[in-house]
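Order of the sequence lines sets the chain letters (A, B, ...), proteins ahead of strands, with each chain counted from 1.
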2 protein chains.
Amino acid sequence: MTIKDVAEYSGVSISTISRVLNNHPDVREEVRAKVLKAIQELHYVPNSSARDLVKTQSDAIGVVVRGVENPFLTSVMRSIEEAIRGAGYTMVIHQIGTEEDEVAEGAGLVRSKRLCGLILLGGRFDYTPEQTATIEVPFVCCTYTNSFGSLDKNAYSSVFIDDYAEAYKAVNLLIEKGHKKIAVLLGATDDRSISELRYKGYCDALRDAGIQPDQSLVEQTGGYSMKNAYNATERLLARRNDFTALFTVSDSMGIAAIKALHNSGISVPRDCSVIAIDGIEVSKYTIPALTTLIQPRKPMGYEAVRILVDVIKGKKNCQLRLETELREGETVAPPKK
Amino acid sequence: MTIKDVAEYSGVSISTISRVLNNHPDVREEVRAKVLKAIQELHYVPNSSARDLVKTQSDAIGVVVRGVENPFLTSVMRSIEEAIRGAGYTMVIHQIGTEEDEVAEGAGLVRSKRLCGLILLGGRFDYTPEQTATIEVPFVCCTYTNSFGSLDKNAYSSVFIDDYAEAYKAVNLLIEKGHKKIAVLLGATDDRSISELRYKGYCDALRDAGIQPDQSLVEQTGGYSMKNAYNATERLLARRNDFTALFTVSDSMGIAAIKALHNSGISVPRDCSVIAIDGIEVSKYTIPALTTLIQPRKPMGYEAVRILVDVIKGKKNCQLRLETELREGETVAPPKK
DNA sequence: CCAAAAACTGAAAACGTTTTCAGTTCCTCT
DNA sequence: AGAGGAACTGAAAACGTTTTCAGTTTTTGG
C-alpha cells in the first residue's frame, strides 16, 4: 500500500497525492477531496522512512535524559512527550548514565536517526562550543541552571530555573523561621554546577543572615537515589545531631531524609524542619507532607518543546528562566528552643 | 557523508561498504579493515531512513503506555528502555489516554513509523482477534493480567502477573493477621479486567475465610492518581469507619489512602492496616513504610523486551507469568483487641 | 475573443541504503 | 597445468517518498 496505489485508485498522479499529503496549495479542492477519500478507503499510511530519506530529516525529536532515578525528571518527561505528540512529532528516548556521554550520545543519535531536534533533560549544562557543535540540529537544555559561561547565546536554547536563587530562597525561608543550624544534602558530586550553585545559594543565604556556613553540616549523597539520600542523612547524623533544619536539593532526597531522621528518633518538624526543591506529586501525601519549592514541571516540558519546534522552524534560540513556587507542607516549623 | 563517500575514500564499491556494515561474511579481512578505518576517519554514520526504507522496517520498538500517572509503570518503562537500548534497538514512546485507543494507536504507529515491534504497557489485555490483527508486527503485552479468553496463544506474547491470585494473596495476609472487616480501593472503572480480577481475588479470599464480602467496603477511585485515591478514601470513610484493614490495588493509592486515614485521625497501622500491590521505591520511605507485594519491575521490562526481540527474530510467541514478592513494611498489624 | 497570467498537474530525478545477480579472482585438487 | 569451485566484488535495481521543471488547462483583463 503505497502512494502509487492511491494514485491509481483515485486516477491522479503520484505527485498530486504527495501534494495533498503535504497540504500544498496547488491542488483543486475537488481533486483534494477525491484523494482524501481514496486515502481513507485504502487505509493508506505514508511511509515515514521514505519521507525522511528525501527530506534528509525525520520528524523525531530525541530526548536524552540523565538521572531518571529522580521522579521529578520522569514527570517532566511526561509533559515533554505530550507536547511532542501534540506538535505532531515523534519522541525517541534515550537514558544515559554519566554526564560526559551526554552530548556525545546525543550527537550520535542525531546523526544516525536523523533527528530534527534534541532535548537534553536533567544534566548540568556548561558544554564547550566544540561539544555543542557536534549536535547538528537545534537543541534545548531543560531543567537546572544554565551556565551562560562559554557559549554564545544563539548557539542553543534552554529552559531552566536559577539554582542559586532557588536554593537561597529555600534556605532563607528556614532562616526566617528562626533556624540557625541548617544542614544541607547535596546531590551527586558529578553534577558540578547544580550542587555548586545550590550550595552557593545555601552559603550566601546563611552569610546574609550573619551565620557562618559550617562544612560539617554539608553532606553529599553521591547520587539522586533515595537510598543514597537515606545513607547520607545517617552519615550526617553520625557527625552532628544539633541542626534544627535540613535543606535537600530534591523532594526524593527530602522524603528519604525524613525517614532517616524518623528512624533516629528525630521527629519532623518538631525536632528538625525539612525543605526541598521539586514538588513531585507524592510529597503532598507523605506524613508529614513535604514543604518544597515546586518546579513548574508541565510548563518546563511544554516550553522546552515549544521553543525547540520554533527553532526547528527557523526562529531564534532562546533562554527561558522559570520560577519555583512554594508549597507549604508540614515539615517546616520554628526551631525548639 | 554517505556510503558512497566511504566507498570512494577506501577504493572499494558501495556494496562492499554495505556488506561490512551488515557483517556479511563475504568480505576479505583485509578489505574489511580498510573499510572500517575509512568509516572511522570520515566519521561516517549510516542513514537509518535509507536503511529502513529498503528493509521496509526500522529498528524502532514502540512502547504504548497507558496510565503513566502510576509511578510503577514509569519504572517498568525505564527498564524497558534499558533493555531496548541494550539490544540495539531504538525506543519510540507513546502515551495514551483511554484504553479503547490503545490498539488502534499502536497499530497506526506501527504502520507509519515502520516499527519492528510493539510493547503495550499498562492496560488490560483482552483484545479481539480482529483488533490484534491490525498490529502487523510482533507485540508484547506487559503488566497486568492476561485474559487468555478470545485470543489464540500464538498471536501475541505477554508478561504479566496473575491479578486474581495476587489480590487473593494480599487480602489473605490481612485475614491471617485477624482482620475481618477489610475494605478495598479499586482502580478506574474502565480497566475492567484488572479491577474485576483483583476484586474477585478479594472476594474469594474473604469467602474462603468464611467472611461475606460487603459492597459498602468497596470503593472505586475512578483513576490511578493519588488525588483520586485520597478522595475515594474519604468517600469510603464517610460511609463506613469500622473497617480495620484496607487493600489498595497500587502503592500510590495506598500512600494516598494512608494520608486520608491519617487526616481523619485514623492511625496506620494502629487503627487500620494497609496493604498494596506494586512495590515502588518511595513506599519504602514513607512513614510508616508501606507493606506491599512487589511486582518484579526490572524483570518485567527486561523479559518483555527479550521476548519481543526473540519473536522479531522468528521465535514463537510466549506468555510469561511473574510472581510478586511480599515486602513487609510497617502498615500491617493485627486489629485492635 | 485573444493574450497573458494563474492555477493546476504529471514525469522524472533524487534521497542513501540493501540485495540480487553476474562476474572476476584466487585456491585446491587432479 | 587446467578445471572446478570457493571467495570475493561490483553494477544496478529497488524501496516510497518529495520536489523541480515543464507542460496543460483555466481564468482574467483588455
Protein-nucleotide distance ([X], atom [atom1]; [N], atom [atom2]), rounded to Å:
| X | N | atom1 | atom2 | result |
| --- | --- | --- | --- | --- |
| Asp52(B) | dT17(C) | CG | C1' | 10 Å |
| Leu21(A) | dT17(D) | CG | P | 8 Å |
| Ile39(B) | dG16(C) | CD1 | C1' | 14 Å |
| Glu30(A) | dT9(C) | CD | P | 8 Å |
| Arg32(B) | dT9(D) | CZ | C1' | 13 Å |
| His24(A) | dC8(C) | NE2 | P | 14 Å |
| Lys34(B) | dC8(D) | NZ | P | 14 Å |
| Lys113(B) | dG16(D) | NZ | P | 17 Å |

List the atom of Val311(A), the atom of Pro138(A), and the distance in Å for their closest heavy-atom pair.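 Answer, listing the atom of Val311(A) first, then Pro138(A): CG1-CB, 3.5 Å.
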Whether Arg19(A) side chain and Val27(A) backbone form a donor-acceptor pair below 3.5 Å: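 No: the side chain of Arg19(A) does not pair with the backbone of Val27(A).
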Check whether any side-chain N or O of Gln95(A) sits under 3.5 Å from a backbone N or O of Val64(A) as a donor-acceptor pair, and report yes or no.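 Checking the backbone N and O of Val64(A) against the side chain of Gln95(A), no donor-acceptor pair under 3.5 Å is found.
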With a 4.0 Å limit, can you tell me whether [X] has a side-chain N or O closer than that to the phosphate oxygens OP1/OP2 of [N]?
| X | N | value |
| --- | --- | --- |
| Arg28(B) | dT9(D) | yes |
| Ser49(B) | dT17(C) | no |
| Arg51(B) | dT18(C) | yes |
| Ser18(A) | dT18(D) | yes |

Mind checking the CG-OG spacing from Leu53(B) to Ser49(A)? Nearest 0.5 Å is all I need.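 One finds 6.0 Å between CG of Leu53(B) and OG of Ser49(A).
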What contact category does Asn22(A) fall into here, base, sugar-phosphate, or nothing, at under 4.0 angstrom with non-hydrogen atoms?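 The residue Asn22(A) makes sugar-phosphate contact but no base contact.
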Need one value for Asp26(B): base, sugar-phosphate or nothing, where a base atom within 4.0 Å counts as base even if backbone is also close, heavy atoms only.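 Touches a base.
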Counting only distance, no hydrogens or angles, is the base of dG10(D) paired donor-acceptor with the side chain of Arg19(B) under 3.5 Å?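 Indeed, a donor on one side and an acceptor on the other fall under 3.5 Å apart.
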Is there, by distance only and without an angle test, a donor paired with an acceptor across the side chain of Ser13(A) and the base of dA11(C) below 3.5 Å?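 Not at all, since no donor on one side and acceptor on the other fall under 3.5 Å apart.
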Both Ser15(B) and Lys55(B) contact DNA chain D. Taking the nearest nucleotide for each, which residue is further toward the 5' end?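 The residue closer to the strand's 5' end, by nearest nucleotide, is Ser15(B).
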Flag the pair Leu42(A) / Tyr9(A) as yes when at least one side-chain heavy-atom distance between them is below 4.5 Å, and no otherwise.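 With C-beta onward as the side chain, the pair touches.
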Please pick, from [options], the nucleotide with the shortest atom-to-atom distance to any side-chain atom of [X].
| X | options | answer |
| --- | --- | --- |
| Val54(A) | dT18(D), dC15(D), dT9(D) | dT18(D) |
| Ala50(A) | dG16(D), dT18(D), dT9(C) | dG16(D) |
| Thr2(B) | dT17(C), dT9(D), dT19(C) | dT17(C) |
| Ile3(B) | dT18(D), dT17(C), dT19(C) | dT17(C) |

If only side-chain N and O atoms count, and only distance matters, is there a donor-acceptor pair under 3.5 Å linking Thr90(B) with Lys113(A)?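 Side-chain D/A pair, Lys113(A) to Thr90(B): present.
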